[in-house]
Each structure stands twice: as structure tokens, then as C-alpha cells.
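The block underneath contains the structure these notes are about, expressed in C-alpha cells.
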Amino acid sequence: MKTILVTGGAGFIGSHVVRYFVNKYPGYQIVNLDNLTYAGNLANLKDVEGKPNYEFIKGDIVDDKFILELFKKKAFDGIIHLAAESHVDRSISNPTAFVFTNIVGTVNLLNAARAIWKDNLEGKRFYHISTDEVYGSLGDEGYFVESTPYDPRSPYSASKASSDHLVRAYFHTFKMPVVLSNCSNNYGSYQFPEKLLPLFINNIKHNKPLPVYGAGDNIRDWLYVVDHASAIDLIFHNGIIGETYNIGGSNEWQNIRLIEKLCEIMDGKLGRPKGTSSKLITYVKDRPGHDMRYAIDSSKLQNELGWRPSVSFEEGLELTIDWYLANEEWLNNVTSGDYQKYYEEMYVKR
Ligand code: NAD
Ligand code: TYD
């Protein structure tokens, strides 16, 4: 029996990782540690919360004493660290929160793992989940590979880059058994509707404007979130200690092309005349320091660990749109803020 800590398991990607591991590994005890910030929602995990190999703990990774006590009590064999402040626009209005959670929080987890593992590192693993945004912004050509020099340009990506450096420093200095991955933009169910796709799906449904930043010509590489979870599974189990793996969908879209495609599909789903949703497109002031293009080369992960994405973008986008349209209650709870009462009802009042 292994005890695995997943941090940030109530968020978008974390909830998919928790679900993936709880269902695939009944012999693992999966502990989800999450502070339930605005981005954490236990309703994302309703289908696994009753399973015997799953446990939720509410707590803040910035609280070093709490983290150390938790590690002493649970003696984790592995850590999959996803907890983070994750939204670029929020990092522009409040950078400090990103420094605390993404940098200090990561160091606290590294220190606690070091304290309990000491020199007994056999079978132990600290897996740090990061983003392609640490590599900066590409022009028309080229791809991010694992050796691309870091060039973060937003407070979010700078804080993630800093945490990546610390994780590597603990590997070199203290022989911590770390592994890292840097992934492109994820899409899928349970994503907080501040990010492009869920925000725009919700706005189209309610006939609200679609705020396109700048000229809409920025490019992102989109990966279905379940395929990120399958890559995390492979890297956690088979990745080489000290190594980094890039994860991406080889699926680049200029924002405005993606939004036009979304509008077209939504017109069909909502039974509206063709061209209705695209009338909602509104060009707004650009995001300051807006990175132009991200594109990942994931051939190391594909060649060395045999990872392949399971769905095409067409399939993944259909699945995603259908999920948001079918899960109106989830979306309404998130947009109204009611989801924050869920923890109290489920865990405090009981
Ligand atoms: P998210 O914002 O949806 O979820 C983050 C989770 O972390 C939330 O549940 C939140 O409550 C929790 N959290 C935040 N601060 C905490 C703290 N101090 N203590 C404990 N828990 C805390 O983020 P996401 O999109 O699921 O991203 C997860 C990870 O993957 C992040 O590390 C992010 O940098 C990385 N990543 C995201 C993407 C993407 O496209 N979303 C792409 C590549 C990498
Ligand atoms: P986002 O989902 O915030 O991810 P990231 O900034 O981490 O890549 O944004 C994806 C792209 O969509 C990015 O180029 C910014 C753009 N965007 C808009 O044009 N309008 C919006 O309202 C949002 C949220 C994003």
C-alpha cells in the first residue's frame, strides 16, 4: 500500500488526477490536500469522495508547520504537487499571492518531504507539475523543448519558474527524488470559468459578450485534461529521477480561430442560426505582457515513455462543450459562488 499526496486536488487538473489515480490504483491511498481557494471545488470530486482509497484534507501549503506535521503523520511515499495560483490575469492584479503559494508553498512541501524521507529515498518520489509558460513567448517558428532556457514574463509564470528551479536545486543539492513536467494549455470539464474555454462557453449560453484580448492573434497549444492526467500517471511511475518532460497536444490554435470554431459548434448545439454566437465577439484591451505563442515539443515523453494523447481536438472539444451544457448546476454554482458552501455542508456540519 502506497500513500500518495496530491496537492491542489480540488482544482481543475488536480481533480482529474485524483479521479484517475483513485480509480486506477485501488491499492494506493490518495490524499487530496487543498486549501479550497476560489479555484478549489469539492463538487469536482463527488464521484470519488466515498471511495475507501480517497481522503480529503483541507490545508494551506504556505503553512510550514501544518505541512510538516501532516507529512510526519501520513508518511507519504509520493507527492504529486499541483496546488498553485494558476490564472495569469489574477497574477497581474495580485502577484504576491502567487509568490506565497507557488514558491513558498513548494519549498514547504520539499522541506517536509526531506524531513520525513531523510536518506531513505527508496521508492520515494516528488513530482512537480508545471507549465510551458516558464519558457516565455515564441515567435512564428520553433517549439519549447526541455532544454529551452527559461524566460517567464508574467508574475504567474515567474512564480512557477522559480518553483521549478527550487525543485531542481533540491535534486542537485539534497538528492531529492524529483521529477517535473511542463504542460501546455489544458481544456476539459471542471475548469473554473475564468479561463478562456469555460468562460466563453458560459457567455455564449447566456448571450454575453466574448472579450477577446488584443487582436486575438495569440497562439496556444491545447491538450485535453484527461490526457494530461495519463501523462502524469506515466511520468510519476516511469519518469527518470531528476528529469523534466514536456507535455503538449501538438495542437496550436490562434485564439480568434478557436473562438470562431467554438461559436460555430455552440450555434449548432443551442439550435441558433449560424453566425449568432460570433456576433458576441468583442475585442478588448490586451492583457499586459501577453505572450504571443506557446508550442510544446513532447517527443521526449512520447519516445521515452510511450505517451500518446487519447482524443483528437475535435473529439475533446465536443466532449468539453457537451459537459458544460449538461452540467448547468455545476456552472451555476461556480458562477454564483454557491460552491464554496459545499465544504461546510459536506465536511464541517456533518
Ligand atoms: P486551478 O487553479 O484550477 O487549481 C488549483 C488548486 O490549488 C485549487 O483547488 C486551489 O484551491 C488549490 N490551492 C491554491 N492555493 C493553495 C494553497 N496555498 N494551499 C493548498 N491548496 C491551494 O489550477 P489548474 O489549472 O488545475 O492547475 C493545476 C497545476 O497545473 C498548477 O500547478 C498549474 O500551474 C499547472 N498547469 C496548469 C495548466 C492549465 O492549462 N490549467 C497547464 C499547465 C500546468
Ligand atoms: P487563459 O485561458 O487565461 O490561459 P493562458 O493565459 O494561461 O494561456 O487564456 C488563453 C488565451 O486566451 C490567452 O492568449 C488569453 C486569451 N483570453 C482572451 O482573449 N479573453 C479572455 O477573456 C481570456 C480569459 C483569455
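Remember, it's 1-based here, ligands and their atoms both numbered in the order they're listed. Treat the numbers as computed from the prediction; the structure is a model and nothing was measured.
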Quiz item: Should one rank N255, D217, L197 by closest heavy-atom distance to atom 16 (C) of ligand 2, which comes out on top?
Solution: N255

Exercise. Go through the side-chain N and O atoms of S299 and D297 and say whether any donor and acceptor fall under 3.5 Å apart.
Key: yes

Quiz item: So does E318 pair up with K269, basic N to acidic O under 4.0 Å?
Solution: yes

Exercise. Show which atoms of ligand 2 fall inside a sub-4.0 Å distance from at least one heavy-atom site of K195.
Key: 2 (O)

Quiz item: Between R272 and D267, is there a side-chain N and carboxylate O pair less than 4.0 Å apart?
Solution: no

Exercise. For the residue pair E133 and Y156, confirm or rule out a side-chain donor-acceptor distance under 3.5 Å.
Key: no

Quiz item: With atoms numbered from 1 as shown, which atoms in ligand 2 lie under 4.0 angstrom from a non-hydrogen atom of V212?
Solution: 19 (O)

Practice problem: Between A83, A84, S130, G8, flag the one that comes closest to atom 14 (C) of ligand 1 by a heavy atom. | Solution: A84

Practice problem: Determine whether the side chain, the backbone, both or neither of V284 has a heavy atom under 4.0 Å from any heavy atom of ligand 2. | Solution: neither

Quiz item: Considering only heavy atoms of P211, which atoms of ligand 2 have at least one such atom less than 4.0 Å away?
Solution: 18 (C), 19 (O), 20 (N), 21 (C), 22 (O)

Quiz prompt | Ligand-side contact atoms (ligand 2) for residue partner N185, heavy atom cut-off under 4.0 Å | solution = 4 (O), 5 (P), 8 (O)

Quiz prompt | Co-membership, hydrophobic cluster, residues V48 and F12, 4.5 Å side-chain | solution = yes

Exercise. Any atoms of ligand 2 less than 4.0 Å from a non-hydrogen atom of L199? List them with their elements.
Key: 22 (O)

Exercise. Find all atoms of ligand 2 within a distance of less than 4.0 Å from any non-hydrogen atom belonging to H87, and give their numbers and elements.
Key: 3 (O)

Quiz prompt | Region of E194 that comes within reach of ligand 2 [heavy atoms, distance under 4.0 Å] | solution = backbone

Quiz item: At a 4.0 Å cut-off, with the gap strictly under it, does some heavy atom of S15 reach an atom of ligand 1?
Solution: no

Quiz prompt | Heavy-atom nearest neighbour of atom 28 (C) of ligand 1 within options L82, D60, D34, I57 | solution = L82

Quiz item: Going by the atom numbers of ligand 2, which of them fall below 4.0 Å from some non-hydrogen atom of E133?
Solution: 5 (P), 7 (O), 8 (O)

Quiz item: If you count the atoms of ligand 2 from 1 in the order shown, which ones are under 4.0 Å from a heavy atom of H290?
Solution: 13 (C), 14 (O), 15 (C)

Practice problem: Go through ligand 1 atom by atom and flag the ones less than 4.0 Å from a non-hydrogen atom of G59. | Solution: 19 (N), 20 (C)

Quiz item: Quick one: do the N182 and T131 side chains pair a donor with an acceptor below 3.5 Å?
Solution: no

Quiz item: Is any NZ, NE, NH1 or NH2 atom of the basic residue among K58 and D34 found under 4.0 Å from an Asp or Glu carboxylate oxygen of the other?
Solution: no

Self-check item: Proximity to ligand 2 by part of D291, non-hydrogen separation under 4.0 Å
Solution: neither

Quiz item: Linking I/L/V/M/F/W/Y whenever any side-chain heavy atoms sit under 4.5 Å apart, do Y190 and V17 land together?
Solution: yes

Quiz item: Can you tell me the protein heavy atom closest to atom 34 (O) of ligand 1 and the distance?
Solution: Y156 OH, 2.6 Å

Self-check item: Shortest heavy-atom approach to atom 38 (C) of ligand 1 - which of I13, T131, N182
Solution: I13

Quiz item: Is C183 close to L223 at the side-chain level, that is, under 4.5 Å between some pair of heavy atoms?
Solution: yes

Self-check item: Flag side-chain contact, heavy atom, 4.5 Å: I259 against C263
Solution: yes

Quiz item: Mind checking whether Y156 has a heavy atom under 4.0 Å from ligand 2?
Solution: no

Quiz item: Does one side chain, of S230 or R308, offer a donor that lies under 3.5 Å from an acceptor on the other?
Solution: no

Exercise. Please confirm whether R220 makes a cation-pi placement over Y294, using NZ or CZ under 6.0 Å from the six-membered ring centre and within 45° of the ring normal.
Key: yes

Quiz item: Looking only at protein heavy atoms, which one is nearest to atom 43 (C) of ligand 1, and how far off is it?
Solution: C183 O, 3.3 Å

Quiz item: So between R293, R220, R287, whose heavy atom ends up nearest atom 1 (P) of ligand 2?
Solution: R287

